[in-house]
Colleague: 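Starting off with a structure, shown below.
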Amino acid sequence: MGVAKVLIIDEQNKYLMLWRGDHPRLPNDPDLPGGTIEAGETPEVAAVREVQEEAGIAIAPYDMKLLYKGLDYSMHGVEYSLYVATITPRPTVALSWEHEGYKWLDADTFLAEAKDATDTYMHMVYDIVSKNL
């Protein structure tokens with residue numbers, strides 16, 4: 001089992017952050033588009049599918065660069081994959097039912113939101129992105 005998400009950056013170097021709505025475990029927590037890798041999927045295929053489903057943004061595997069893949073940040077043995085994709089011009093976001101809002105944030109604000117999240121995936125995002133800026 002694994003989770004694959006994508007950090008999307010626009011031409012103004014703004015980072016897309018989503019917010020969960022009435023999530024049972026992580027209400028109003030920041031998030032990235034992406035999610036659970038389904039049976040038979042690679043992390044790349046799952047990331048592309050989930051970004052389309054959750055944010056309405058079409059990307060291809062070659063649009064993404066792997067930033068991290070591993071178990072180091074997971075409390076439950078779930079493999080985390082984090083990709084980055086720079087998309088120009090800024091794509092239109094069409095949220096699914098899973099999220100109630102989104103913002104395009106500068107790097108410092110994005111990192112502060114990720115650091116303060118409840119979700120351990122977002123703590124990994126903070127750590128990896130802050131080391132790679």
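One-based numbering along the sequence shown.
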Colleague: Using a 3.5 Å distance criterion without hydrogens, assess whether the side chain of Y121 forms a donor-acceptor pair with backbone atoms of S81.
Modeller: yes
Colleague: Work out which heavy atom in Y83 is nearest to a heavy atom in A47; give both atom names and the distance.
Modeller: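 Nearest pair, atom of Y83 first, then A47: CD1-CB, 4.1 Å.
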Colleague: To the nearest 0.5 Å, what is the distance between CG on N13 and CH2 on W104?
Modeller: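 Rounded to the nearest 0.5 Å, the CG-CH2 separation comes to 11.0 Å.
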Colleague: Please examine the side chains of H76 and T120, heavy atoms only from C-beta on, and report whether any two atoms are closer than 4.5 Å.
Modeller: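 Of all side-chain heavy-atom pairs linking H76 with T120, none is under 4.5 Å.
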Colleague: CD1 of I8 to CE of M64: how many Å apart, nearest 0.5 Å?
Modeller: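 The CE atom of M64 is 10.0 Å from CD1 of I8, to the nearest 0.5 Å.
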Colleague: Within this structure, what is the CD1-CD distance for the pair I59 and Q52, rounded to the nearest 0.5 Å?
Modeller: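 Answer rounded to 0.5 Å: 9.0 Å.
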Colleague: To the closest 0.5 Å, what do you measure between CG (D29) and CG (L18)?
Modeller: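 Taking CG in D29 and CG in L18, the distance rounds to 11.5 Å.
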Colleague: How far apart are the closest heavy atoms of P30 and M17, and which atoms are they?
Modeller: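 For P30 versus M17, the nearest heavy atoms are CB-SD, 3.4 Å.
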Colleague: Same cluster for L16 and L7 if Ile/Leu/Val/Met/Phe/Trp/Tyr side chains link at under 4.5 Å?
Modeller: no
Colleague: Pairs of donor and acceptor atoms involving the side chains of residues 125-133, under 3.5 Å and at least two apart or interchain, shall be tabulated with distances.
Modeller:
unit_1, atom_1, unit_2, atom_2, d
D127, OD2, Y73, OH, 2.2
D127, OD2, K131, NZ, 3.3
S130, OG, Y126, O, 2.8
S130, OG, D127, O, 3.1
N132, ND2, I128, O, 2.6

Colleague: To the nearest 0.5 Å, what is the distance between CG (L66) and CD (E44)?
Modeller: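 These two atoms lie 7.0 Å from each other.
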Colleague: Under the salt bridge (charged side-chain N to carboxylate O under 4.0 Å, His left out) definition, can you give me all pairs with a residue in residues 66-80, not counting sequence neighbours?
Modeller: none
Colleague: What pair of heavy atoms forms the shortest contact from T118 to H123, and how long is it?
Modeller: O-CE1, 3.9 Å
Colleague: In Å and rounded to the nearest 0.5 Å, what is the NZ to OH distance from K5 to Y80?
Modeller: 8.5 Å
Colleague: Let me check something: do V51 and W19 share a hydrophobic cluster, defined by ILVMFWY side-chain heavy atoms less than 4.5 Å apart, either directly or through other members?
Modeller: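 No, no single cluster joins them.
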Colleague: Do the side chains of Y15 and V84 join up, straight or via other hydrophobic residues, at under 4.5 Å, putting them in one cluster?
Modeller: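 Shared cluster, yes.
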Colleague: Tell me which pairs pass salt bridge (charged side-chain N to carboxylate O under 4.0 Å, His left out) where either residue lies in residues 46-62, with sequence neighbours left out.
Modeller: E38-R49, E41-R49, R49-E53
Colleague: List for me each residue that meets salt bridge (charged side-chain N to carboxylate O under 4.0 Å, His left out) alongside D119, sequence neighbours excluded, and say none if there are none.
Modeller: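 D119 satisfies salt bridge (charged side-chain N to carboxylate O under 4.0 Å, His left out) with R20 once adjacent residues are dropped.
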Colleague: Identify each donor-acceptor pair in which a side-chain atom of residues 87-96 lies under 3.5 Å from a protein atom, sequence neighbours left out, and give them as a table.
Modeller:
unit_1, atom_1, unit_2, atom_2, d
R90, NE, D10, OD2, 2.6
R90, NH2, D10, OD2, 2.7
S96, OG, E98, N, 3.2

Colleague: Which other residues belong to the hydrophobic cluster containing M75, where Ile, Leu, Val, Met, Phe, Trp and Tyr are joined when side-chain heavy atoms lie under 4.5 Å apart, directly or via other members?
Modeller: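 Other cluster members: none.
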Colleague: If you take all heavy atoms of M122 and A117, which pair is closest and at what distance?
Modeller: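 Scanning both residues, the minimum pair turns out to be CB-CB, 3.5 Å.
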